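Chain letters run A, B, ... following the sequence lines, proteins first and then strands; every chain starts at 1. Every value quoted in this text rests on a predicted model; they were computed, and no experiment measured them.
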Amino acid sequence: MHIVVCIKQVPDSAQIRVHPVTNTIMRQGVPAIVNPYDLFSLEEALRLKDKYGGRVTVLTMGPPMAEAALRKCLAYGADEAVLVTDRAFAGSDTLATSFALASAIRQIQNDMAVDLVFAGKQTIDGDTAQVGPGIAKRLDLQLLTYVSKIESLDLEKREITVHRRAEGGVQVLKTKTPALITMLEGVNEMRFATMPNMFRAARYPLKVWDKDAAGIEDVTKIGLKGSPTIVSKVFAPTAKSQKASMIETESGDPRDIAITLLTKLFTQHPKLEKEIGKRAA
Amino acid sequence: MAEHFDAIVIGAGPSGNAAAYTMAKGGLKVLQLERGEYPGSKNVQGAILYSDALERMIPDFREDAPLERHIIEQRMWILDDNSHIASHYRSEEFNKQPYNRYTILRAQFDKWFSTKVQEAGALVINETTVTDLLMDKNRVIGVRTDRVDGEIYADVVVLADGVNSLLAKKAGFHAELQPKDVALAVKEIHFMPTETVESRFNISGDEGVVIEMAGKITKGMMGTGFLYTNKESLTVGVGCMLSDFKASKVSPYTLLDEMKQHPSIKPLLAGGEMKEYTAHLIPEGGYEAMPQIYGDGWMIVGDSGMFVNAVHREGSNLAMTTGRIAAETVLTLKEARKDLSARNLSAYRAALDETFVMKDLKKYRRMPGVFHKNPQFFTDYPDLVSQAARTMLTVDGIDKKTKEKQIRKEFSSRRSLVGLLGDAFKMWRAFE
Ligand SMILES: Cc1cc2nc3c(=O)[nH]c(=O)nc-3n(C[C@H](O)[C@H](O)[C@@H](O)COP(=O)(O)OP(=O)(O)OC[C@H]3O[C@@H](n4cnc5c(N)ncnc54)[C@H](O)[C@@H]3O)c2cc1C
Ligand SMILES: Cc1cc2nc3c(=O)[nH]c(=O)nc-3n(C[C@H](O)[C@H](O)[C@H](O)COP(=O)(O)OP(=O)(O)OC[C@H]3O[C@@H](n4cnc5c(N)ncnc54)[C@H](O)[C@@H]3O)c2cc1C
């Protein structure tokens, strides 16, 4: 069995600074981490490997520094790692990114057929949740998003059954492999890397691919040229400052408190009173 | 099969990086273990880098090291509650290359240093804590980490794990740290536009200013405050002896907060955005508090061995120098195919004795004691000096001779003449 896990290196949003004067997001000096959502997918892939054997390849497209993210995944237990990096990819949107990643996965296939591709549910920086589905479409893979559990995998019959979170419930879905899966957050916990895996990750000769090695011929499909979306500016919205005020009531009686609150709310938002009045009638 | 290395270095601060770099460069098989997410991630931001110690290992470090500003001006302030009296030394000589001192942000600098260590050929593994030293009788033969299958072996283990080395304590190389031998320093980084930093400190380009402060800001505790200019931020902090914090019950955070409100300091920080409040220990016991620094199969370098010159606020340069010399000792012994026993590793201590590290630490060996026993240096003197200046500078129809008399009276009423002379003598002896 061969599983490819797509991971993205992202700035640790918990440590992002906003420039006090220009309100722009300062990425400089902010530590980079593996997109947290991707780790749920990686752990699930590793569990499948524990159960069925085989190979887990991690794949990322990004700047050379993304190497650190890949090595981290190797330490957790991934077998192979591919870094797709080329200046030509700069400025890629989700369309161009999924094109490049799909092409790289085709190259990975040359080495060993791929049964499953995992992606994160979304990233914490771009946040679009489009790249996984984009890859599935381009490689003609069955798409299983928001997966909370992998019920069974039958390598012989090439069938997979999963639990998928849907609005108002859980869907149990069965489909053919190869498939692309995005895992829901919180459904598993990443393992602690062992010392031998730390050594292997530190010494592993990374596969670094430029656009040619990733099998990309049409340069109009990647980078800025291949990206109809352009992120022109990223900024932090100014926090709205609203003062809290103490509301006094005649007594501690819940009825009294409720009436005081509603009166206050309706005086501030007369439209709300009308609307609620209408509905009540 | 357990891994085996020529040397294992524990910690990736300046001392560990210097040791790992030098040994790897010398062709040894080196493993460096760091518990932080990456080298520098656990290290307190904002510091002064002294070029010389680094230059001896990486002569062209200026080409790509992340340096903030080179220092062209040093200010010494003595503060009472609402004034300061100062000496400023600014010199165009400091604007001549190669520069001697720089402000740096440790997180970035340590990361850079670590890439050099890796380029030199050492294997660096982060996020891994060494929990025990593996011993064979009295000899250290390796380490155990917090990871599954975590035993790793080596001919020598270099402890570069910083102040309060739990490992050295566990192995019995250190006694418990004494509160009187460590300072607790807190610092913050305040971001502001480059232009603001430059106009506030009268600097341009990569020029930088350092302010060292003493006086009432430490509320009678033995310690000092400091403020450094970075590219687009200021580092501000204060440190006092742990024993004094304990006795006074002042919280370090409150101390820094009040210091920032001082009318001489507040305007310098105005409008900045505070990020990163950090607290860290500094070993300041000096020569008298230094532990044994080598033994069978082990050596201690940097803060872990109390290598800090508190008087001159030097630490990282002593760390780098001890790391480098420990490494050179190993290289020499390995080359001569000699055993890394305590007897042979004593060459490390002998070599250190010949450097500024031991010479300076010896020179100031009495300093901590003098300050501990004489708190007046941090209480009465700042007030007196400031009053004296104010008296002389206030034009109020009183003649200067009378003013001088007033000042003398003020000094001798707060501290007897004998006391004053005694203080001067103690200081002189300690500096001597
Ligand atoms: C603040 C911000 C806003 C953006 N808004 C948009 C936008 O509206 N439209 C747009 O087209 N682009 C946008 N981008 C650009 C977009 O982030 C990247 O172009 C795209 O490469 C990844 O999209 P994503 O981060 O939204 O990933 P998502 O689609 O949220 O990622 C889902 C999963 O795909 C995989 N994946 C994503 N990127 C990579 C990669 N480089 N390598 C390997 N696997 C990967 C991971 O498994 C990830 O968990 C934005 C970028 C930023 C920083
Ligand atoms: C507030 C403050 C200001 C200072 N200002 C200056 C200055 O301006 N100039 C100057 O020269 N010096 C300054 N110093 C002193 C200087 O920071 C230290 O002397 C220097 O960092 C010592 O280097 P080191 O490598 O010995 O220890 P550290 O830099 O403390 O590095 C020790 C490393 O070991 C790691 N470690 C610890 N235990 C383990 C373990 N069990 N397993 C794995 N890893 C471990 C830690 O994570 C850490 O990265 C200052 C110190 C403080 C606190």
Heavy-atom pair with the smallest gap, counting every atom of A:M198 and B:I125: CE-CG2, 3.6 Å
- prompt: More than 12 foreign heavy atoms under 6.0 Å from OH of A:Y146: is that the case here?
  reply: no
message: Is it the case that over 12 heavy atoms from other parts of the model lie below 6.0 angstrom from the NZ atom of B:K25?
response: no
Engaged part of A:A75 at the chain B interface, taking heavy atoms whose separation is under 4.5 Å: neither
- prompt: Closest heavy-atom contact between A:P196 and B:D149?
  reply: CD-CB, 3.7 Å
- prompt: About how many Å separate CD of B:E37 and CD1 of A:I33, when rounded to the nearest 0.5 Å?
  reply: 8.0 Å
- line: The side chain to side chain contact (heavy atoms under 4.5 Å, CB included) partner of A:M195 among B:D146, B:L33, B:V148 is B:L33
query: Salt bridge check: are B:E3 and A:R203 linked by an N-O gap of less than 4.0 Å?
result: yes
- request: Step through the shown structure and confirm whether more than 12 heavy atoms of other residues, nucleotides or ligands are within 6.0 Å of OH on B:Y253.
  value: no
message: Is it the case that over 12 heavy atoms from other parts of the model lie below 6.0 angstrom from the CZ atom of A:R200?
response: yes
message: Please check if the number of heavy atoms outside B:Q261 that lie under 6.0 Å from its CD is greater than 12.
response: yes
